[in-house]
K.L.:
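First the structure, then my questions, so here it is.
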Amino acid sequence: MKIEIYTKKYCFYCRRAKELLIKKSVLFEEIVIDDNVKLYEEMVNRCGRTTVPQVFFDNEHIGGSDDLYVLDDQGKLDVMLISAIHK
Ligand SMILES: N[C@@H](CCC(=O)N[C@@H](CS)C(=O)NCC(=O)O)C(=O)O
């Protein structure tokens with residue numbers, strides 16, 4: 001599964017989201033947008049949100065950091081990651 005995360009350098013929520021993905025031992029592509037308007041617009045076009053981080057699993061919008069942690073608390077994140085391995 002392709003995991004992408006749009007981030008900015010000095011962003012607490014981005015760090016938090018990445019920490020969770022690292023804890024899950026999954027590889028992800030980090031797209032650092034900072035002042036890159038093109039990448040920012042790409043992110044907004046893909047999910048309609050303007051804050052970072054924004055996470056995508058196989059092009060599907062998963063959400064921001066809080067969303068990721070909610071999925072984890074519900075046990076759904078592990079299910080998504082494990083089922084992707086067995087696809
Ligand atoms: N609830 C969101 C909060 C994300 C958030 O507030 N991110 C800040 C940066 S740490 C942001 O994007 N602010 C608007 C901006 O930088 O343009 C989440 O968990 O992802």
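Order of appearance sets the numbers: ligands from 1, and atoms from 1 within every ligand.
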K.L.:
Nearest to atom 7 (N) of ligand 1, what protein heavy atom do you find, and at what distance?
P.N.:
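Of every protein heavy atom, Val52 O, 2.8 Å lies nearest to atom 7 (N) of ligand 1.
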K.L.:
Taking both backbone and side-chain atoms of Phe12, is any N or O found less than 3.5 Å from an N or O belonging to ligand 1?
P.N.:
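N/O-N/O distance under 3.5 Å: no.
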K.L.:
Which residue and non-hydrogen atom of the protein lie closest to atom 16 (O) of ligand 1, and at what distance in Å?
P.N.:
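Ranking protein heavy atoms by distance from atom 16 (O) of ligand 1, first comes Lys8 NZ, 3.3 Å.
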K.L.:
Who's the nearest protein heavy-atom neighbour of atom 14 (C) of ligand 1, and how far?
P.N.:
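In this structure, atom 14 (C) of ligand 1 has Thr51 CG2, 4.2 Å as its nearest protein heavy atom.
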K.L.:
Does a donor on one side chain sit under 3.5 Å from an acceptor on the other, for Arg46 and Tyr6?
P.N.:
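Checked: Arg46/Tyr6 side chains pair up, N/O donor to acceptor below 3.5 Å.
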K.L.:
Is Gln54 close enough to touch ligand 1? Criterion: a residue heavy atom under 4.0 Å from a ligand atom.
P.N.:
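No, Gln54 has no heavy atom closer than 4.0 Å to ligand 1.
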K.L.:
Given side chains that start at C-beta, do those of Thr51 and Tyr13 come closer than 4.5 Å, heavy atoms only?
P.N.:
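No - every pair of side-chain heavy atoms lies 4.5 Å or more apart.
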K.L.:
Is it the case that more than 12 heavy atoms not belonging to Asp35 sit under 6.0 Å from its CG atom?
P.N.:
no
K.L.:
Among all protein heavy atoms in this structure, tell me which lies nearest to atom 18 (C) of ligand 1, with the distance rounded to 0.1 Å.
P.N.:
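I find the closest protein heavy atom is Ser65 N, 3.5 Å.
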K.L.:
In terms of residue, atom name and distance, what is the protein heavy atom nearest to atom 9 (C) of ligand 1?
P.N.:
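That would be Cys11 SG, 3.7 Å.
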K.L.:
Can you check which of Tyr40, Tyr10, Tyr13 brings a heavy atom nearest to atom 6 (O) of ligand 1?
P.N.:
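Ranked by closest heavy atom to atom 6 (O) of ligand 1, first place is Tyr13.
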K.L.:
Just need the protein heavy atom nearest to atom 1 (N) of ligand 1, so name the residue and atom and give the distance.
P.N.:
Asp66 OD2, 2.9 Å
